[in-house]
Amino acid sequence: GAGVSQSPRYKVAKRGQDVALRCDPISGHVSLFWYQQALGQGPEFLTYFQNEAQLDKSGLPSDRFFAERPEGSVSTLKIQRTQQEDSAVYLCASSLLGRAVTNEKLFFGSGTQLSVL
Amino acid sequence: KQEVTQIPAALSVPEGENLVLNCSFTDSAIYNLQWFRQDPGKGLTSLLLIQSSQREQTSGRLNASLDKSSGRSTLYIAASQPGDSATYLCAVSPNNNAGNMLTFGGGTRLMVKP
């Protein structure tokens, strides 16, 4: 596709419900990142994939958060037993190369806005 | 732990003014610094990327400078226009093989009035 696509655009969940957020990166992009952006704040790093390998998940807030990218393209961020503090915009980003240290451009999707009631 | 701070948090200016947005970071061991623009309900668009060995980058009416030793960067916007209204975020990339695992500031919300 032309850009990074995320779905759904908005998600309302009741507290305790499980949710799954989808990210379609730009075709051929090796690296994929998930960020969490609380209202009025800058994005915070959650996790990073290089192809299908999850190389860093140090930013995941708790073991209720799980991310996967089984075929090295589409990624899903799953949140189990959602809580109100999980309410945020979840941003996905991709970049072309898989080099660990890089000056290449990062392309962001429009995000999924999650509201937990 | 790296911390990135942006001042001011919000700024409102009349059209045509030149303005400066500030970004500071606590750990000078960075690989690069980027400035992004975020429009309401949208993702982030990369504006400028400054490598740690560089002092500044320019794109059109935008100029970003970097003083790594003092942990500061500025984004200069010349002749501001209403279309420049957005949130501007700076982010640093760590110098430890972490590539695009960025640490962001809280952003500056800019409103340019016609």
Side-chain angles (χ1 to χ4, degrees), chain A residues 1-10 23-26 29-50 54-60 88-113 115, chain B residues 1-10 21-25 29-54 57 59 64 66 73 86-109:
Chain A
V4 178
S5 177
Q6 292 188 246
S7 60
R9 184 70 182 87
Y10 302 95
C23 173
D24 282 84
I26 294 173
H29 277 199
V30 169
S31 296
L32 184 145
F33 303 81
W34 284 98
Y35 286 83
Q36 179 191 57
Q37 186 174 24
L39 187 64
Q41 305 292 318
E44 292 194 355
F45 168 79
L46 294 177
T47 187
Y48 161 57
F49 289 86
Q50 183 169 309
Q54 188 175 23
L55 298 188
D56 192 298
K57 55 181 181 179
S58 61
L60 295 177
V89 175
Y90 291 84
L91 294 166
C92 176
S94 69
S95 60
L96 179 62
L97 300 176
R99 289 198 303 265
V101 180
T102 175
N103 281 309
E104 64 174 355
K105 207 171 181 180
L106 198 59
F107 295 85
F108 280 83
S110 297
T112 293
Q113 184 172 328
S115 299
Chain B
K1 178 185 174 185
Q2 177 75 269
E3 292 184 3
V4 181
T5 303
Q6 291 187 245
I7 295 174
L21 308 182
N22 297 292
C23 172
S24 61
F25 46 95
I30 63 169
Y31 192 74
N32 62 44
L33 182 144
Q34 298 185 61
W35 283 93
F36 292 87
R37 169 183 174 138
Q38 186 173 32
D39 292 281
K42 299 288 181 63
L44 281 66
T45 301
S46 179
L47 297 173
L48 291 165
L49 183 151
I50 312 177
Q51 297 183 39
S52 60
S53 58
Q54 298 176 322
Q57 282 286 334
S59 175
L66 173 64
S73 176
T87 295
Y88 291 81
L89 294 152
C90 73
V92 296
S93 176
N95 193 18
N96 62 356
N97 290 331
N100 271 321
M101 289 161 53
L102 304 174
T103 301
F104 283 86
T108 294
R109 293 181 298 282

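Keep in mind that this is a model prediction, so the values were computed, not measured.
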In terms of heavy-atom pairs under 4.5 Å, which option from B:Gly41, B:Gly107, B:Ala9, B:Cys90 contacts chain A the most? B:Gly41

So which part of A:Gln37 gets closer than 4.5 Å to some heavy atom of chain B, the side chain, the backbone, both or neither? side chain

Kindly write out the residues that satisfy side chain to side chain contact (heavy atoms under 4.5 Å, CB included) with A:Ser5, not counting sequence neighbours, or none if the list is empty. A:Asp24

For B:Ala64, the side chain to side chain contact (heavy atoms under 4.5 Å, CB included) test, sequence neighbours excluded, returns B:Trp35, B:Leu48, B:Ile50, B:Leu75

Side chain, backbone, both or neither: which part of B:Gln38 has an atom under 4.5 Å from a heavy atom of chain A? side chain

Check whether B:Leu44 gets within reach of chain A through its side chain, its backbone, both or neither, counting any heavy atom under 4.5 Å. both

Min side-chain heavy-atom separation A:Ser110-A:Arg9 under 4.5 Å: yes

Spell out, as yes or no, whether a donor-acceptor pair under 3.5 Å connects the side chain of A:Ser94 to the backbone of A:Leu32. no

